[in-house]
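The next block holds one structure in the form of structure tokens; read it before the comments.
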Amino acid sequence: MKIVIIGADAAGMSAASRIRRNRPDFEVHVLERTTDVSFSACNMPYNIADPSRSMDDLIVRSAAAFQKQGIHLYLGHEALSIDRARRKVEGKTVDGKIVSFPYDRLLIATGASAKKPRIPGIDAPGVLVLRHLEDGRGIKSWLASRNPGHVAILGMGYIALEMAEALVSRGIRVSMIKPGPLLLPDMARQLAQVIQSELESKGVALHPGVPIEAIEHSADGIQVMGQEGFRLSADGLLCATGVIPNSALAATAGIRLGVQNAIETDALLRTSDPFIYAAGDCADALHIVSRKKVWIPLALRANRAGWAAADAMCGNPKAVDGIAGTAVFKVFDLEVAKTGLSRKEAEQAGFDPVEIVIESRSRAHAYPGGCPIWVNLLADRESAMILGGQIVGKEGAAHRINAIAVALHVGMTVFQFYQTDLAYAPPFSPVWDPMLTAANQLMKALAGGAA
């Protein structure tokens, strides 16, 4: 059996390694457009914050280590087309040589790319993006050579916020701009306000509600022009407006796409072609709460899906459960965590959500060092099933969210969640953990019929 994999990061290399372990008699060929494999993309903002670190520190496992496993790894090989009738992938090398790889089974693990809005000047020098390791190297090189005093960031999502912290830590002034009026619109407003206050306390200038009309580059840096006379000058601009799935290769081959143009897959990671699988940030997933297909790029999902695709291709299929969309990130001194559906998403999924926000403490009141923690929790009015949650605080948010994620995976009601036996000790929590306090308040809201 000859397996060809397109893409050599989380999903692709997880699949390749698992195939070699499970079926050493199979041939495994991996095509990678860049020269980097298996790296920690989520670590890039923290690496950029430290000028002394090499970006190569983020390589989890070297190409040589995979090759020692017997995996045929082709770096600098870009897949150009998939011939489904002949079952072969055609591509080219960095020097333009055309290559062809026949397959019995194919895994598309092409990931996602940084999304750039259609703005005049978006490709000008000094406009940067951060998605791949080569982008991180480029940013570090630009920072070292330019020594900027002011960087503008287009976008206010996770990567934008993490990069704001990284740049401020290097003594760089940061201005953030976005067309939409709200910071983190999917967050409960009280929690989003806590995050906004944290950003402003660190000197980050926020400019929401500013549609950008053009970007100009000059010897002095970047000029960002927006509606109603908005004009901002900076040494450079980081475009952090989200990502899009790399699904064009699949679409051109006639493979069915789904939500947000991600490659449509089933529970075994099969595409609409029975000989082709897809995993990672290029593919969709099932949301365990809404039971609808979603596209939410997540590192754990990419690795898990790579394993599942490998098992299926090896003849040992195991269906993967859906995702809850659990995510956590750091904004200066704050931990920000979420899982499941927001109120708007719950309404769009057909639920009648009831939600509450509580402010509690991260530790027992008499134990030193505690700090405020905010919990948002929502449930369906009719079934009382928990639909999602969000937590913000200087400590205790990142790991508390996992309990809510587990509750979503098993379909717990808020009443069942309230009865869980959560650990208590003064250095870690009040007797009534903030999540139990939130559950108690949500039960009252459900009983009273107040949203």
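Just the heavy atoms: all of them, side chains too, but no hydrogens, waters or symmetry mates, feed the values below.
For the pair Arg87 and Phe275, the cation-pi test (distance below 6.0 Å, angle within 45°) is passed. In this structure, Arg61 forms a cation-pi arrangement with Phe66, its terminal cationic atom sitting closer than 6.0 Å to the ring centre and no more than 45° off the ring axis.
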Q. Between Asp273 and Arg256, does a salt bridge (Lys or Arg N to Asp or Glu O under 4.0 Å) hold up when you go through it step by step?
A. CA-CA 8 Å; Asp273 184 314; Arg256 190 160 55 238; over 6 Å; no
Q) Would Phe332 and Leu161 count as a side chain to side chain contact (heavy atoms under 4.5 Å, CB included) if you check the C-alpha gap in whole Å, the side-chain angles of each, and the deciding distance to 0.1 Å? A) CA-CA 9 Å; Phe332 292 99; Leu161 294 170; over 6 Å; no
(Q) Let's go through Leu238 and Leu154 carefully: what are the C-alpha distance in whole Å and the side-chain angles of both, what is the deciding distance for side chain to side chain contact (heavy atoms under 4.5 Å, CB included) to 0.1 Å, and is it a yes or a no? (A) CA-CA 6 Å; Leu238 174 68; Leu154 183 55; over 6 Å; no
(Q) For a side chain to side chain contact (heavy atoms under 4.5 Å, CB included) check, start with the C-alpha distance between Ile3 and Met1, then their side-chain angles and the critical distance, and finish with the verdict. (A) CA-CA 6 Å; Ile3 309 290; Met1 179 79 74; 3.8 Å; yes
Q: Would you sort out whether Thr265 and Asp284 count as a side-chain hydrogen bond (donor to acceptor under 3.5 Å, both in side chains), showing the intermediate values?
A: CA-CA 6 Å; Thr265 60; Asp284 66 7; 2.9 Å; yes
Q: Start with the C-alpha distance between Arg131 and Asp281, add both sets of side-chain angles, then the distance that settles salt bridge (Lys or Arg N to Asp or Glu O under 4.0 Å), and finish with yes or no.
A: CA-CA 12 Å; Arg131 178 62 186 175; Asp281 291 353; 2.5 Å; yes
Q | Residue pair Leu106, Tyr277: steps toward the side chain to side chain contact (heavy atoms under 4.5 Å, CB included) verdict | A | CA-CA 6 Å; Leu106 172 66; Tyr277 296 72; over 6 Å; no
(Q) If you apply the rule salt bridge (Lys or Arg N to Asp or Glu O under 4.0 Å), what do you find for Lys88 with Glu90, and how did you get there? (A) CA-CA 7 Å; Lys88 67 177 181 179; Glu90 294 190 341; 3.4 Å; yes
Q: Determine, step by step, whether Arg231 and Glu213 satisfy the salt bridge (Lys or Arg N to Asp or Glu O under 4.0 Å) criterion, reporting the C-alpha distance in whole Å, the side-chain angles of both residues, the deciding distance to 0.1 Å, and the verdict.
A: CA-CA 10 Å; Arg231 190 178 186 92; Glu213 295 183 330; over 6 Å; no
(Q) Test side-chain hydrogen bond (donor to acceptor under 3.5 Å, both in side chains) on His150 and Ser175; report intermediate values, then the result. (A) CA-CA 8 Å; His150 181 204; Ser175 298; 2.8 Å; yes
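Residue Ile212 holds its CD1 atom at 11.0 Å from OG1 of Thr241, rounded to the nearest 0.5 Å. Atom-to-atom distance recorded for Met187:CE and Gln196:CD is 12.5 Å, nearest 0.5 angstrom.
Shortest non-hydrogen contact noted between Phe351 and Ser290 is CE1-CA, 4.2 Å. In plain terms, the two heavy atoms of Glu198 and Val331 that are nearest each other are CG-O, 3.7 Å. Heavy atoms only, all atoms of each residue included: Ala240 and Ile153 are closest at CB-CG2, 4.3 Å. Between Val210 and His207 the shortest heavy-atom distance is CG2-O, 3.6 Å. Nearest heavy atoms, Ile108 versus Ala250: CD1-CB, 3.9 Å. Nearest heavy-atom pair, Ser17 versus Ile71, reported as atom, atom and distance to 0.1 Å: N-CD1, 3.9 Å.
Side-chain N or O atoms of His132 include none that pairs as donor or acceptor with a backbone N or O of Glu134 at under 3.5 Å. Side-chain atoms of Glu347 never come within 3.5 Å of backbone atoms of Lys344 as a donor-acceptor pair (strictly under, hydrogens ignored). No side-chain donor-acceptor contact under 3.5 Å links Glu200 to the backbone of Ser197. Between the side chain of Glu32 and the backbone N or O of Ala8 there is at least one donor-acceptor pair closer than 3.5 Å. Using modelled atom types, no side-chain atom of Thr420 and backbone atom of Leu422 make a donor-acceptor pair closer than 3.5 Å. Although no hydrogens or angles enter the test, the distance criterion places no donor-acceptor pair under 3.5 Å between the side chain of Asn440 and the main chain of Tyr418. In this structure, Asn303 contributes its side chain and Ala299 its backbone to a donor-acceptor pair below 3.5 Å. In this structure, Thr271 contributes its side chain and Ile255 its backbone to no donor-acceptor pair below 3.5 Å. Between the side chain of Arg84 and the backbone N or O of Gly254, at least one donor-acceptor pair lies under 3.5 Å. The main-chain N or O of Ala384 is never found under 3.5 Å from a side-chain atom of Asp380 such that the two would form a donor-acceptor pair.
Here the side chains of Val243 and Trp295 are in contact, with some heavy-atom distance below 4.5 Å. Side-chain contact check for Val60 versus Leu58: every heavy-atom pair is 4.5 Å or farther apart. Using a 4.5 Å cut-off on side-chain heavy atoms (C-beta onward), Met156 and Leu184 make no contact. Side-chain contact check for Pro117 versus Cys239: some heavy-atom pair is nearer than 4.5 Å. Contact annotation: the side chain of Phe39 approaches that of Asp9 to within less than 4.5 Å [non-hydrogen atoms, C-beta and beyond]. Annotation: side chain of Met176 is in contact with side chain of Val174 (closest heavy-atom distance under 4.5 Å). By the 4.5 Å heavy-atom criterion applied to side chains, Ile215 and Val127 are counted as neighbours. Side chains of Lys140 and Asn47 form a contact here, defined as non-hydrogen atoms less than 4.5 Å apart.
For Trp374, the CH2 atom is densely surrounded, since the number of other residues' heavy atoms within 6.0 Å is greater than 12. Enclosure of atom CZ in Phe428 is not indicated, since only 12 or fewer non-hydrogen atoms of other residues, nucleotides or ligands lie within 6.0 angstrom.
Each of Glu335, Glu162, Glu165 was compared with Lys330 under the side chain to side chain donor-acceptor pair (under 3.5 Å) criterion, and only Glu165 meets it.
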In a table with atom names and distances, give each donor-acceptor pair under 3.5 Å that connects a side chain of residues 386-398 to protein atoms at least two apart or in another chain.
{"residue": "Gln390", "atom": "OE1", "partner": "Ala188", "partner atom": "N", "Å": "2.8"}
{"residue": "Gln390", "atom": "NE2", "partner": "Asp186", "partner atom": "O", "Å": "2.8"}
{"residue": "Glu395", "atom": "OE1", "partner": "Arg363", "partner atom": "NH2", "Å": "2.9"}
{"residue": "Glu395", "atom": "OE2", "partner": "Ser362", "partner atom": "OG", "Å": "2.6"}
{"residue": "Glu395", "atom": "OE2", "partner": "Arg363", "partner atom": "NE", "Å": "2.6"}

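Screening residues 300-318 for salt bridge (charged side-chain N to carboxylate O under 4.0 Å, His left out), with sequence neighbours left out, gives Arg18-Asp311, Asp311-Lys318.
Using modelled atom types, one finds no donor on one side chain facing an acceptor on the other under 3.5 Å when comparing Ser247 with Asn261.
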